[in-house]
Amino acid sequence: MVKICCIGAGYVGGPTMAVIALKCPKIEVTVVDISSQRINAWNSEHLPIYEPGLNEVVKECRGRNLFFSTDVEKHVTEADVVFVSVNTPTKTHGLGAGKAADLTYWESAARMIADVSKSDKIVVEKSTVPVKTAEAIERILTHNKKGINFTILSNPEFLAEGTAIEDLFKPDRVLIGGRETPEGQKAINTLKDVYANWVPVEKILCTNLWSAELSKLAANAFLAQRISSVNAMSALCEATGADVSQVSHSIGTDSRVGPKFLNSSVGFGGSCFQKDILNLVYICECNGLPEVANYWKQVVKVNDYQKARFVNRVVSSMFNTISNKKIAILGFAFKKDTGDTRETPAIDVCKGLLGDRAKLSIYDPQVTEDQITKDLSMRKFDKDHPAHLQPPSPNSIKQVSVVWDAYEAVKDSHGVCILTEWDEFRKLDYKKVFDSMQKPAFVFDGRNIVDVKKLREIGFIVYSIGKPLDPWLKDMPAVA
Ligand code: NAD
Ligand code: UDX
């Protein structure tokens, strides 16, 4: 029987370990974190992250075989298997700034494991890391502790936020990479046995360490590339009168392409895609592969273009000035069913609109005012570096109000921007919305969730990404 400890009680560590504890009642799982605030929340009625189904899983196992603690050293010492699921954000300074992964948090966790270990351990990379990180970690562990065997595995996580529990219950695959040595293979089997409690064995893929590490970066790059591809097409659709939804559907019915992940949007967000592609770009550059680096860089560039294009549409549609006009922002999270705002396109869109002096009234069912205020006053990439966080400057946010109701947000506004595809925005009474707004009333749908025809009948001027343009917008060309 193994005892598991996971360092890092975040979006990955928390749900992943809760599901392991649920599915393996005989395994004791402890999640540790240096943030007492996070651990207190995991031990309370109000979990630190919003994720459908998570509450139920935690309720069932917490106190039985699932524990959350700040006593990092004690639980690492006692564990046979230590997962490391700490943040690996983009570096903000020094060599590789703006691209490379910052492994400060990972390295400090590895040094601590070496310091406190008194018995052999399997150390599992759960965080997304650059390929070859395992080699560096192995060196840190073995150079700092003689006489204890550490076996490193790479076990990247593929869950998506908003569907984390569903994804963990029924993963497309579980990937375990290890050294091709007897110790490496034994460690792979130990971890495989844990997952085999609920994942069919044919879905547990075992590879060498470097393939597992690189597969994670590659998987995110491929997924993000699909979105940038369809978003690039959306710009061409607007220019030609094609409809991006029809184009996506036509492409996706080819079984070699498949229908998923082809929704055009205001841009992809989330803590992973941009960070992992930039990291991939940096690794390619370091390996003397500038053409490969430039290929992947373009995926992020098109994403930035898409956000800028959206802002330009808003400004140009409203007679090229939004100064002091109230604009309602519906949705701030990077996708529905999460309260996570890391790299959400809403940050860049809101900053763009504020740059043109708009007054914003923001509503998101899961994001707090405090969070929105912080996000709008923070520099790019700082969010995952807790040490960089500064109190927001009041000047940058005086044009912003955060409200707790969509109808309140839209009241007296000139335009509505839909930036997250929350279900409730599909169901709004748009006649009521129209009646409460200034005229002409604009809707800018960054998620393609409204019924464009119906809204135009009500009287709105509607912009929906990649859809044939409203005659009004044709006369007001936007240049990104
Ligand atoms: P997160 O910021 O939510 O959680 C990381 C936690 O680690 C924080 O609570 C932090 O306090 C803690 N931590 C940092 N250093 C520590 C230390 N030395 N000791 C103890 N605790 C420490 O991050 P996340 O979203 O859970 O992501 C974790 C990793 O998983 C990243 O590498 C990310 O790229 C990867 N990943 C994330 C997702 C996702 O959907 N969020 C999906 C797959 C993979
Ligand atoms: C992603 C990967 O999907 C997951 O496998 C990995 O472990 C972590 O990174 P996540 O970022 O949580 O997961 O959400 P995802 O569903 O991938 O969406 C990412 C962004 O792309 C969101 O902003 C979403 O709105 C956007 N998106 C997604 C689109 O714009 N169009 C789509 O068709 C799909």
Side-chain angles (χ1 to χ4, degrees), residues 5-17 31-39 41-42 48-49 51 69-73 75-76 83-90 101-113 125-130 133 155-164 167-168 171-172 216-217 219-224 226-231 234 248 252 259-276 279 303 306 331 333-338 340-346 383-387 419-421 446-448 465:
C5 173
C6 175
I7 305 176
Y11 285 88
V12 168
T16 314
M17 293 303 126
V31 192
V32 295
D33 204 293
I34 39 176
S35 160
S36 50
Q37 199 189 354
R38 256 202 169 162
I39 291 298
W42 279 110
I49 60 178
E51 196 59 68
S69 169
T70 47
D71 197 344
V72 181
E73 298 189 358
H75 294 286
V76 169
F83 284 83
V84 183
S85 186
V86 299
N87 31 332
T88 50
T90 305
D102 186 342
L103 294 179
T104 313
Y105 306 95
W106 226 111
E107 187 176 332
S108 91
R111 286 181 187 279
M112 183 272 301
I113 297 172
E125 288 176 350
K126 195 50 141 171
S127 302
T128 304
V129 290
T133 297
N155 173 221
E157 185 47 60
F158 294 100
L159 67 79
E161 287 176 30
T163 52
D167 296 342
L168 289 164
D172 285 341
K216 175 63 200 177
L217 294 181
N220 275 351
F222 269 59
L223 289 167
R226 266 174 92 92
I227 302 168
S228 278
S229 298
V230 79
N231 281 345
S234 74
S248 296
K260 293 183 184 168
F261 240 71
L262 284 175
N263 293 324
S264 182
S265 65
V266 60
F268 60 73
S271 66
C272 294
F273 282 172
Q274 175 176 278
K275 157 176 93 69
D276 293 347
N279 184 1
N303 199 46
Q306 189 74 346
F334 81 97
K335 63 189 274 196
K336 74 169 182 174
D337 290 340
T338 178
D340 195 353
T341 60
R342 290 178 292 179
E343 296 302 332
T344 175
K383 184 154 182 167
D384 279 338
H385 295 263
L419 301 185
T420 314
E421 73 282 19
R447 297 289 181 169
N448 284 345
I465 297 235

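No experiment lies behind these values; they were computed from the predicted model shown. Ligands are counted one by one from 1 in listed order, and the atoms in each one are counted from 1 as well. Just so you know, residue 1 is the first one in the sequence shown, and it goes up from there. Quick note: numbers below take in every heavy atom, side chains included, and nothing from hydrogens, waters or symmetry partners.
Remark: ligand 1 atoms within the under-4.0 Å shell around heavy atoms of Ser85 are 5 (C), 28 (C). Within ligand 2, counting atoms from 1 as listed, the ones closer than 4.0 Å to a heavy atom of Leu262 are 33 (O). Listed by atom number, the atoms of ligand 2 under 4.0 Å from Lys216 heavy atoms are 6 (C), 7 (O). Using a 4.0 Å cut-off to heavy atoms of Arg447, the atoms of ligand 2 that qualify are 24 (C), 25 (O). Contact atoms of ligand 1 toward Glu161: 39 (C), 40 (O), 41 (N) (distance under 4.0 Å to a heavy atom of the residue). Close approach of ligand 1 to Thr88 (heavy-atom distance below 4.0 Å) involves ligand atoms 31 (C), 32 (O), 34 (O). Residue Ile7 has at least one heavy-atom neighbour below 4.0 Å for each of these atoms of ligand 1: 19 (N), 20 (C), 21 (N). Within ligand 1, counting atoms from 1 as listed, the ones closer than 4.0 Å to a heavy atom of Lys216 are 43 (C). The atoms of ligand 1 that sit less than 4.0 Å from any heavy atom of Leu159 are 40 (O), 42 (C). Each of the atoms 1 (P), 3 (O), 4 (O), 26 (O) of ligand 1 lies under 4.0 Å from some heavy atom of Gly10. The atoms of ligand 1 that sit less than 4.0 Å from any heavy atom of Tyr105 are 15 (N), 18 (N).
The heavy atom nearest to atom 33 (C) of ligand 1, considering only Lys275, Glu157, Glu51, is found in Lys275. With distances taken over non-hydrogen atoms, the option nearest atom 26 (O) of ligand 1 out of Val76, Val12, Leu103 is Val12. Closest heavy-atom approach to atom 13 (O) of ligand 2 within the set Pro345, Ala160, Ser264: this belongs to Ala160. With atom 7 (O) of ligand 1 as the reference point, the heavy atom nearest to it among Ala164, Gly13, Gly8 is part of Gly8. If you check each of Asp340, Val86, Asp276 against atom 15 (N) of ligand 1, the one with the closest non-hydrogen atom is Val86.
Contacts between Ser271 and ligand 1 below 4.0 angstrom, taking non-hydrogen atoms only, involve the side chain exclusively. Contacts between Glu125 and ligand 1 below 4.0 angstrom, taking non-hydrogen atoms only, are absent altogether. Proximity of Cys272 to ligand 1, defined as any heavy-atom pair under 4.0 Å, is confined to the side chain (atoms from C-beta onward).
By the 3.5 Å distance cut-off applied to N or O atoms, Val32 is not counted among the residues near ligand 1. Checked against a 3.5 angstrom limit, the closest N/O atoms of Ser108 and ligand 1 fall inside it. Any N or O atom pair closer than 3.5 Å counts here, and Asp33 shares at least one such pair with ligand 1. At least one N/O-N/O distance between Tyr11 and ligand 1 falls below 3.5 Å. For ligand 2, the polar-atom distance check finds an N/O of Gly269 within less than 3.5 Å of one of the ligand's N/O atoms. For ligand 1, one of its N or O atoms has an N or O atom of Thr128 under 3.5 Å away. In terms of polar-atom proximity, defined here as any N/O pair under 3.5 Å, Leu159 does make such a contact with ligand 2. Considering both main-chain and side-chain atoms, Phe334 comes within under 3.5 Å of ligand 2 through a nitrogen or oxygen pair.
Classification of Lys126 and Glu157 as a salt-bridged pair holds, one side-chain N sitting under 4.0 Å from a carboxylate O. Taking the charged nitrogens against the carboxylate oxygens, Arg342 and Glu161 do have a contact shorter than 4.0 Å, which makes a salt bridge.
The two atoms that bring Ala9 and Ile39 nearest to each other are CB-CD1, 3.9 Å, heavy atoms only. Closest non-hydrogen pair, Pro345 versus Arg447, comes out as CG-NH2, 3.7 Å.
Atom 30 (O) of ligand 2 has its closest protein heavy atom at Ser265 OG, 2.6 Å. Regarding atom 9 (O) of ligand 2, its nearest protein heavy-atom neighbour is Cys272 CB, 3.5 Å. Closest to atom 12 (O) of ligand 2, if we only count protein heavy atoms, is Glu161 N, 2.7 Å. Of the protein's heavy atoms, Lys335 NZ, 2.8 Å lies nearest to atom 16 (O) of ligand 2. Of the protein's heavy atoms, Phe158 O, 2.7 Å lies nearest to atom 5 (O) of ligand 2. For atom 19 (C) of ligand 2, the closest heavy atom belonging to the protein is Phe273 CE1, 3.5 Å. If you check which protein heavy atom lies closest to atom 27 (N) of ligand 2, you get Ile227 CD1, 3.4 Å.
Within the structure, the closest approach of Lys260 to ligand 2 does not fall below 4.0 Å when heavy atoms are considered. Under the 4.0 angstrom criterion for non-hydrogen atoms, Arg226 is not in contact with ligand 2. Heavy-atom distances between Met112 and ligand 1 stay at or above 4.0 Å for every pair.
For the residue pair Ser234/Gln306, the side-chain donor-acceptor check at 3.5 Å is satisfied.
Separating the CD1 atom in Ile227 from the CG atom in Asn303 is a distance of 8.0 Å, to the nearest 0.5 Å.
A search for side-chain contact (heavy atoms from CB on, under 4.5 Å) contacts involving Phe222 returns Trp296, not counting sequence neighbours.
For Thr88 (side chain) and Ala101 (main-chain N/O), no donor-acceptor pair under 3.5 Å exists by modelled atom type.
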